[in-house]
S.K.: 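Quick one: this structure, given as structure tokens, is what I'll be asking you about.
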Amino acid sequence: MLVGIPLEQSNSVVKPKDCAGEMSGYIVSVAESRCKRSFARIFSYFAPRLRSYALKQMGNEALAMELVQDTMSNVWQKAHLFNAEKGSPSTWIFTIARNIRFDMLRKLQNRKEDVCSDDLWPVLCEQTADANETSLDEQITLEQIGFMFEALPVKQKAVIEAIYIDGKSQQEVADELSIPLGTVKSRTRLALQRLKVMLQDHD
Amino acid sequence: MIKFHPDPELLSEYVQGGLSPINSIMIAAHCDMCERCEKIAHQQTLIHAEKFESDIGNLSEFKENASSDRKFDEMLESILNLPADKRALKRAQGLSASVELDGRRFILPKTLRKFIPSTGNWTSMVGRLWQAPVDIGNDSIAANLIYIGQGGGIPEHSHRGIETTLVLKGTFEDGINQYQAGDYVYMDSNDTHTPVCHSPQGCLLFTVLDQPLHFTSGVARYTNPFSHIFFR
């Protein structure tokens with residue numbers, strides 16, 4: 001039993017929508033100061049809900065409790081990845097539980113596909129703005145501006161192609177072309193500026 | 001305009017993590033290309049999150065069991081002993097975003113890019129048809145990239161299993177419908193068709209033949225979702 005941190009049963013009576021702000025605050029304080037009291041509040045609110053959800057999904061108490069434990073462990077260990085601007089605490093925690101459920105089912109069913117939940121829903125992945133994260137809109141734009149792209153100087157074109165189409169990092173491009181990283185960066189910048197101007201003229 | 005979408009029911013099962021890996025991949029890749037379905041999937045996620053939050057379950061019954069409270073206490077304590085994990089998973093970097101055929105480059109939707117390294121060489125088949133096998137790790141599922149050049153096609157065929165196709169580029173028609181980039185096409189043993197491509201730039205497809213698996217174990221929800229749900 002955890003001394004001094006009672007589970008607060010009263011939390012379960014709070015209406016869901018009213019406590020999103022409160023729960024966000026607790027997650028932030030876990031992220032910033034590893035506050036155990038805040039986590040205990042998150043736990044006492046969400047653990048029973050997760051258990052109920054998991055029981056319905058997995059139909060088995062042991063698996064359900066495993067799902068609760070894995071989900072809440074992620075909340076405790078990766079609270080810094082929560083972003084209140086992107087969604088409510090319940091949505092975040094639901095998506096973590098969903099990912100764990102997906103991976104548990106995959107294992108239980110012995111599915112051989114080389115696919116895990118992070119490939120489908122990068123809930124606990126750091127969102128980097130690398131080339132692989134470009135949205136389809138951006139890709140379509142890339143296709144549409146193909147002719148503008150052709151108008152770029154050869155050296156800039158090579159860099160843009162390697163980074164935005166082949167998905168290489170700037171360092172990889174520098175190594176391949178045997179040029180300094182700074183040159184790759186300036187060529188990228190110049191090319192993007194040029195494309196921007198061309199796009200504006202096009203509009 | 002994308003005309004062929006997975007059924008909302010399927011999207012709902014997808015966002016709950018209840019579809020098989022390969023079916024999930026097909027839906028995720030379609031959502032990469034289809035703003036409409038991406039939006040529906042997002043809304044479905046919110047709906048299920050809300051349901052999850054508002055259902056505290058039969059806690060009183062759980063608590064009648066004296067050991068249950070203790071289980072939660074023990075769980076909380078063991079979690080609090082875990083260290084913070086600052087290593088965020090990073091999505092694989094440096095992965096190529098495109099495949100090449102005869103000097104032409106095709107950008108793949110984000111979800112399919114992880115399979116680019118496990119895509120085999122292109123083989124030229126009959127009728128301006130090219131095929132590259134994609135190793136998704138499961139031998140009982142045939143996954144392929146198919147390219148049909150202008151005027152090319154696939155001889156009339158029916159389907160033994162269930163075939164799901166995502167049109168990645170260009171258009172094709174099969175005597176029943178015309179399909180275009182982003183379309184999610186479902187075919188089962190009732191369907192006989194003759195795909196032909198008339199578009200000047202050809203068309204690129206990602207197709208999986210999923211032999212329905214017969215599950216006998218207890219996790220009953222893990223059913224083959226492609227039983228009848230497909231709509232236009």
Side-chain angles (χ1 to χ4, degrees), chain A residues 1-2 7 12 16 34 36 39-40 43 47-49 51-53 55 57-60 65 68-69 72-73 76-78 80-81 90-91 94-95 98-99 101-102 105-106 108-109 111-115 117-120 122 124-126 128 130-133 136 139 143 165-169 172, chain B residues 15-18 20-22 24-25 28 32-33 45-46 48-50 52-59 62 71-73 75-77 79-80 82-86 88-98 105 107 109-111 113-114 118 136-139 141 215 217-222:
Chain A
M1 182 66 203
L2 208 74
L7 288 184
S12 53
R34 315 304 304 153
K36 294 190 173 187
F39 184 75
F43 186 90
R49 290 173 163 81
R51 178 182 165 274
S52 163
Y53 163 80
L55 263 182
Q57 305 296 338
M58 312 303 293
N60 165 322
M65 290 304 264
V68 178
Q69 173 136 18
M72 292 312 295
S73 299
W76 169 246
Q77 296 189 282
K78 295 177 178 170
H80 59 283
L81 293 174
S90 63
T91 306
F94 168 76
T95 53
R98 179 269 319 273
N99 281 21
R101 178 199 177 204
F102 178 87
L105 285 177
R106 192 170 54 105
L108 284 169
Q109 294 298 337
R111 295 289 296 205
K112 295 193 180 61
E113 289 100 312
D114 175 26
V115 175
S117 59
D118 296 322
D119 297 327
L120 299 162
L124 295 176
C125 293
E126 218 151 33
T128 50
D130 69 1
N132 289 325
E133 295 296 333
L136 193 74
Q139 288 172 32
E143 285 175 26
I165 300 181
D166 294 340
K168 290 177 183 150
S169 71
E172 283 175 305
Chain B
V15 302
Q16 296 183 74
S20 72
I22 189 61
S24 301
I25 283 285
D32 285 344
M33 301 182 80
T45 307
L46 296 181
H48 287 292
E50 210 169 296
F52 145 72
E53 192 181 5
S54 59
D55 180 11
I56 191 162
N58 196 344
L59 200 62
F62 179 60
K71 268 192 207 159
F72 270 154
D73 288 342
M75 189 190 285
L76 174 60
E77 205 181 336
I79 290 173
L80 288 174
L82 297 171
D85 189 353
K86 293 281 178 191
L89 298 160
K90 288 219 171 81
R91 303 205 91 180
Q93 293 212 355
L95 272 183
S96 172
S98 61
R105 211 191 275 276
I107 297 176
K110 207 162 58 180
T111 310
R113 290 179 197 166
K114 72 167 278 154
S118 46
I136 57 161
N138 187 340
D139 292 343
I141 295 170
F215 293 122
S217 74
V219 187
R221 290 180 59 89
Y222 205 63

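So you know, we letter chains A, B, ... as the sequences are listed, proteins then strands, and number each from 1. Source: prediction; values computed, not measured.
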S.K.: Return the minimal non-hydrogen interatomic distance between B:G17 and A:L105, and the atom names on each side.
M.R.: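 What the structure gives for the nearest pair is O-CD1, 3.8 Å.
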S.K.: Once you round to the nearest 0.5 Å, how far does NZ of B:K71 lie from CD of A:Q69?
M.R.: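 It comes to 12.0 Å.
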S.K.: Kindly give the heavy-atom pair with the smallest separation between B:H48 and A:F94, and that separation in Å.
M.R.: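 Heavy atoms only, the tightest pair is CB-CZ, 3.4 Å.
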S.K.: Below 4.5 Å, heavy atoms only, C-beta onward: do B:F72 and A:R51 meet side chain to side chain?
M.R.: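 Sidechains of A:R51 and B:F72: in contact.
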S.K.: Would you name the heavy atoms of B:P21 and A:R111 that are closest together and state the gap between them?
M.R.: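 Looking at all heavy atoms of both residues, the shortest contact is CD-NE, 3.7 Å.
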S.K.: Run the side chain to side chain donor-acceptor pair (under 3.5 Å) test against B:T45 and tell me which residues pass, sequence neighbours left out.
M.R.: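 Once residues adjacent in sequence are excluded, B:T45 has no partner under the side chain to side chain donor-acceptor pair (under 3.5 Å) criterion.
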S.K.: Is A:T95 close to chain B through its backbone or its side chain, or both, or neither, when contacts mean heavy atoms under 4.5 Å?
M.R.: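 For A:T95, the contact with chain B is made by the side chain alone.
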S.K.: So, using salt bridge (Lys or Arg N to Asp or Glu O under 4.0 Å) as the criterion, who are the partners of B:R105 when residues are at least two apart?
M.R.: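 Applying salt bridge (Lys or Arg N to Asp or Glu O under 4.0 Å) to B:R105 gives A:E161, A:D166.
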S.K.: Using modelled atom types only, decide if a donor and an acceptor are shared between the side chain of A:R101 and the backbone of B:Q16 within a distance under 3.5 Å.
M.R.: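 Between the backbone of B:Q16 and the side chain of A:R101 there is a qualifying donor-acceptor contact (under 3.5 Å).
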S.K.: If I compare all heavy atoms of B:K114 with all of A:D119, which pair ends up nearest, and what's the gap?
M.R.: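 Heavy atoms of B:K114 and A:D119 come nearest at NZ-OD2, 2.7 Å.
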S.K.: Which heavy atom of A:F102 sits nearest to which heavy atom of B:S24, and what is that distance?
M.R.: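 Smallest interatomic distance, heavy atoms only, reads CE1-OG, 3.4 Å.
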S.K.: To the closest 0.5 Å, what do you measure between CG (B:L80) and CZ (A:R34)?
M.R.: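 One gets 9.0 Å once the value is rounded to the nearest 0.5 Å.
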S.K.: Say you draw a straight line from CE of A:M72 to CG of B:L82; how long is it, rounded to the nearest 0.5 Å?
M.R.: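 So the CE of A:M72 and the CG of B:L82 are separated by 12.0 Å.
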S.K.: To the nearest 0.5 Å, what is the distance between NZ (A:K112) and CD1 (B:I22)?
M.R.: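 These two atoms lie 14.0 Å from each other.
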S.K.: So which part of B:A28 gets closer than 4.5 Å to some heavy atom of chain A, the side chain, the backbone, both or neither?
M.R.: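 For B:A28, the contact with chain A is made by the side chain alone.
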S.K.: Is the closest side-chain heavy-atom distance between B:E53 and A:Y53 below 4.5 Å?
M.R.: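 With C-beta onward as the side chain, the pair stays apart.
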S.K.: So do A:L120 and B:I25 actually touch side chain to side chain, heavy atoms under 4.5 Å?
M.R.: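 With C-beta onward as the side chain, the pair touches.
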S.K.: Atom CH2 of A:W76 and atom CD1 of B:I79: how far apart are they, to the nearest 0.5 Å?
M.R.: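 Separation between the atoms: 10.0 Å.
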S.K.: B:A49 and A:S90: which non-hydrogen atoms are nearest, and at how many Å?
M.R.: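 Nearest pair, atom of B:A49 first, then A:S90: CB-O, 4.2 Å.
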S.K.: Using only atom types and a distance under 3.5 Å, with no angle test, would you say the side chain of A:Q77 pairs donor to acceptor with the backbone of B:P83?
M.R.: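 Side chain of A:Q77 to backbone of B:P83: a pair is present.
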